[in-house]
Amino acid sequence: MSERSGVRKRLSASEKEVSPPAKRRQQSHTTNKAVASFFTPISKKEPEKMAWRIVKDSLLVGRYNTSAIFQSASQARRRIAAFDFDSTLVTPASGKKFGRDASDWKWWHSSVPGKLNQLYEEGYLLAVVSNQGGISLKSDPKTVKSDQKRLADFKGKVSAVVSQLDLPITVYAATGRDEYRKPRVGIWRELLGDHDLNIMESVDLENSFFVGDAGGREAVADMTVKDHSCVDRDFAANVGLPFYTPEEYFLQHPVQPFVRSFDPATFGNKLAESSTSANPVITKTDFLEIVLLVGSPGAGKSSFYWKYFQPLGHIRVNQDILKTREKCVKTATALIEEGTSVVVDNTNADQDVRAVWVDLAKKHSVPIRCVHFTASAKLCEHNDTVRALNLGQETNPENRTMLPKLAFTSFASRFRAPKLEEGFKEIITVDFEVSVVQPQTRYSARWLACGICR
């Protein structure tokens, strides 16, 4: 063997030592069906069964279609079976109060899927109506990952649930504090519009129903935890549907007593325009004065001014408009100096705040009257929501948006009833009454704007 040949053999051996080992064949997890789907033209692909859309950055709507039959069949479905989602159709499989992720769910009871199949076979239109306050739908690049995860988890869970049912069903999830949040009726209107149904002609309300766990039930011997709210029962009342709890519907348990912490029906079962006393004695005075309004947001103070004091020539000073108390005082001072009576339209909850206006009246030697509005915190919160949902309407000419719950609880904690000893010439007490501002509709107005408990 020549020297060159020996070198070649030695180099070959060295090359073998430094060369990478041959790659093992990796097992592919891609199925033939997936490959075929990838190369299938979009126009020929089978559409996804679960389709999602967002309404007004607030309402998430998911529609599961088993076939095109659903579209035509829904036209004839006059009976509607609607259900809450959490703690009604499903519950966390982990046993925790809230599911950990999209897979943490199980049927609320083993009878649920069979019952839903039976309803569909009987011709019911199936829908899910749920409040999901922990989800954000706004397309904001600054949205934190936790918000994105909650949305993805919810959509994943819903998709898994309805896919297992494999029934045509539409899911409505209200994520904000607006017209869509139960017990308000925005979701119901959206549902009817999606299925081309007319409430007066196409829907059999008497034989339709709504099932939800928020029924206002108190804790009893066999149920140690009371319901967190009454919004499901109130939603059913608003749209005119019979209501059942999951225990009553799926397990045929007897009806349990329930309590509503706030019932607007006691105020006439109509939408409220303003607070008015039974016979308010507000007449034109022949002297310059300051009128101080005292009451919670939503108690009807501004409406009272427009109805009684504005026609008398009094000018309103409002901190929501002027932003600071200092500007309010400056404006009121200028009006008094030019000979115009002033109505101070703020909450004026405690004696220290009211003293600012009493001192101003003393400084200019003018009398000061107090008008005290007695509406409760929950009633005021209800009225505030009615106002906010009627932007541009007679009930909300200044287009005020909905106030946070803190605005009402804060007033209640600071409030001290006004007394003559503070320096008032008189105190007029205004109890709440209802004025009709629109004709009665098909929907009940009792809980139209509530939702304050959930």
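For this chain, numbers begin at 1 and follow the sequence in order.
- The salt bridge (Lys or Arg N to Asp or Glu O under 4.0 Å) search around K56 returns E179, not counting sequence neighbours.
- A donor-acceptor contact shorter than 3.5 Å links the side chain of D101 to the backbone of S103.
- A distance-only check finds a donor-acceptor pair linking the side chain of R354 to the backbone of A349 [under 3.5 Å].
- The aromatic rings of F235 and F210 sit perpendicular, their planes meeting at an angle over 60°, well past the 30° parallel limit.
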Test side-chain contact (heavy atoms from CB on, under 4.5 Å) on L322 and V317 and set out the steps. CA-CA 8 Å; L322 297 177; V317 174; 3.9 Å; yes

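- For residues 154-176, every residue pair satisfying the salt bridge (Lys or Arg N to Asp or Glu O under 4.0 Å) rule, not counting sequence neighbours, is listed here: K49-D166.
- Between R53 and D194, at least one side-chain N (NZ, or NE/NH1/NH2) sits under 4.0 Å from a carboxylate O, which counts as a salt bridge.
- Rounding to the nearest 0.5 Å gives a distance of 10.5 Å between OG of S376 and NE2 of H382.
- Side-chain contact check for W107 versus V161: some heavy-atom pair is nearer than 4.5 Å.
- In plain terms, the two heavy atoms of P297 and C380 that are nearest each other are O-CB, 3.1 Å.
- Among residues two or more places apart in sequence or in another chain, the salt bridge (Lys or Arg N to Asp or Glu O under 4.0 Å) test is passed with R100 by D104.
- F415 is linked by a ring-ring contact (aromatic ring centres under 6.0 Å, His included) to H372, F411, counting only residues two or more places apart in sequence or in another chain.
- Residues F209 and Y249 meet the side-chain proximity criterion, which asks for heavy atoms closer than 4.5 Å.
- Here Q256 contributes atom CD and E218 contributes atom CD; the two are 10.5 Å apart, rounded to the nearest 0.5 Å.
- Minimum heavy-atom separation, I80 to L197: CD1-CD1, 4.1 Å.
- When side chains are defined from C-beta on, L292 counts as touching F424, because their heavy atoms get closer than 4.5 Å.
- Here E289 pairs with R369 under the salt bridge (Lys or Arg N to Asp or Glu O under 4.0 Å) rule; sequence neighbours left out.
- Between the side chain of D213 and the main chain of T88, no donor-acceptor pair closer than 3.5 Å is present.
- Taking the salt bridge (Lys or Arg N to Asp or Glu O under 4.0 Å) definition, one finds that D153 meets it with K149, sequence neighbours left out.
- The side chain to side chain contact (heavy atoms under 4.5 Å, CB included) with Q132 is formed by just one residue from the set L151, D86, V158, L60; it is D86.
- Considering only residues two or more places apart in sequence or on other chains, Y180 meets the ring-ring contact (aromatic ring centres under 6.0 Å, His included) condition with none of them.
- Every residue was checked against the side-chain hydrogen bond (donor to acceptor under 3.5 Å, both in side chains) condition with Q319, not counting sequence neighbours, and none meets it.
- Between S163 and Y64 the shortest side-chain heavy-atom distance falls below 4.5 Å.
- Here Q252 pairs with nothing under the side-chain hydrogen bond (donor to acceptor under 3.5 Å, both in side chains) rule; sequence neighbours left out.
- Contact check for W188 versus L241: side-chain heavy atoms found under the 4.5 Å cut-off.
- Judged by distance alone, with hydrogens and angles left aside, the side-chain atoms of H109 form a donor-acceptor pair with the main-chain N or O of S111 at under 3.5 Å.
- Side chain of S58 to backbone of T175: no donor-acceptor contact under 3.5 angstrom is found.
- Counting only distance, with no hydrogens or angles, the side chain of K301 and the backbone of G298 share no donor-acceptor pair below 3.5 Å.
- Under a 3.5 Å cut-off, the side chain of N346 and the backbone N or O of N348 do not form any donor-acceptor pair.
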Test side-chain contact (heavy atoms from CB on, under 4.5 Å) on L126 and L119 and set out the steps. CA-CA 8 Å; L126 301 177; L119 288 168; 3.9 Å; yes

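- In this structure, the side chain of R63 does not engage the main chain of W52 through any donor-acceptor pair within 3.5 Å.
- Residues that satisfy the side-chain hydrogen bond (donor to acceptor under 3.5 Å, both in side chains) test with D350, not counting sequence neighbours, are absent from this structure.
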side-chain hydrogen bond (donor to acceptor under 3.5 Å, both in side chains) between R316 and S302: does it pass, once the steps are laid out? CA-CA 9 Å; R316 171 174 170 252; S302 297; 3.3 Å; yes

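- Remark: side-chain polar atoms of Y305 are paired, donor with acceptor, to backbone N or O of H314 under 3.5 angstrom.
- In this structure, R79 forms a cation-pi arrangement with Y124, its terminal cationic atom sitting closer than 6.0 Å to the ring centre and no more than 45° off the ring axis.
- Residue A388 comes nearest to T401 through the heavy atom pair CB-C, 3.8 Å, listed as atom of the first residue, atom of the second, then distance.
- Side-chain contact check for K106 versus V90: every heavy-atom pair is 4.5 Å or farther apart.
- In this view, F243 satisfies the ring-ring contact (aromatic ring centres under 6.0 Å, His included) rule with no residue, not counting sequence neighbours.
- Under the side-chain hydrogen bond (donor to acceptor under 3.5 Å, both in side chains) test applied with R387, the options N383, T385, D384 reduce to a single match, D384.
- The aromatic rings of F154 and F85 sit perpendicular to each other, their planes meeting at more than 60°, with 30° as the lower class boundary.
- S87 meets the side-chain hydrogen bond (donor to acceptor under 3.5 Å, both in side chains) test with no other residue; sequence neighbours excluded.
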Salt bridge (charged side-chain N to carboxylate O under 4.0 Å, His left out), that's the test. Do K138 and D57 meet it? Break it down for me. CA-CA 5 Å; K138 295 182 179 179; D57 289 334; over 6 Å; no

Between V291 and V342, does a side-chain contact (heavy atoms from CB on, under 4.5 Å) hold up when you go through it step by step? CA-CA 6 Å; V291 178; V342 173; over 6 Å; no

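- For F304 and F373, the ring centers sit closer than 6.0 Å to each other.
- At a threshold of 4.5 Å between non-hydrogen side-chain atoms, the residues L293 and V343 count as touching.
- Note that CG of L251 and OG1 of T245 are 8.5 Å apart. Values are rounded to the nearest 0.5 Å.
- Judged purely by atom type and a 3.5 angstrom limit, S413 uses its side chain to pair as donor or acceptor with the backbone of S410.
- The shortest non-hydrogen separation linking G240 to L205 is O-CB, 3.9 Å.
- What you find for V128 and D84 is that their closest heavy atoms are CG1-C, 4.3 Å.
- Residues K226 and R217 have side chains not in contact (no heavy-atom distance under 4.5 Å, counting atoms from C-beta outward).
- Nearest heavy atom pair, residue A332 against residue W357, reads CB-CZ3, 3.7 Å.
- The CZ atom of R414 lies 11.0 Å from the CG atom of D352; values are rounded to the nearest 0.5 Å.
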Would you sort out whether Y172 and V55 count as a side-chain contact (heavy atoms from CB on, under 4.5 Å), showing the intermediate values? CA-CA 10 Å; Y172 299 86; V55 181; over 6 Å; no

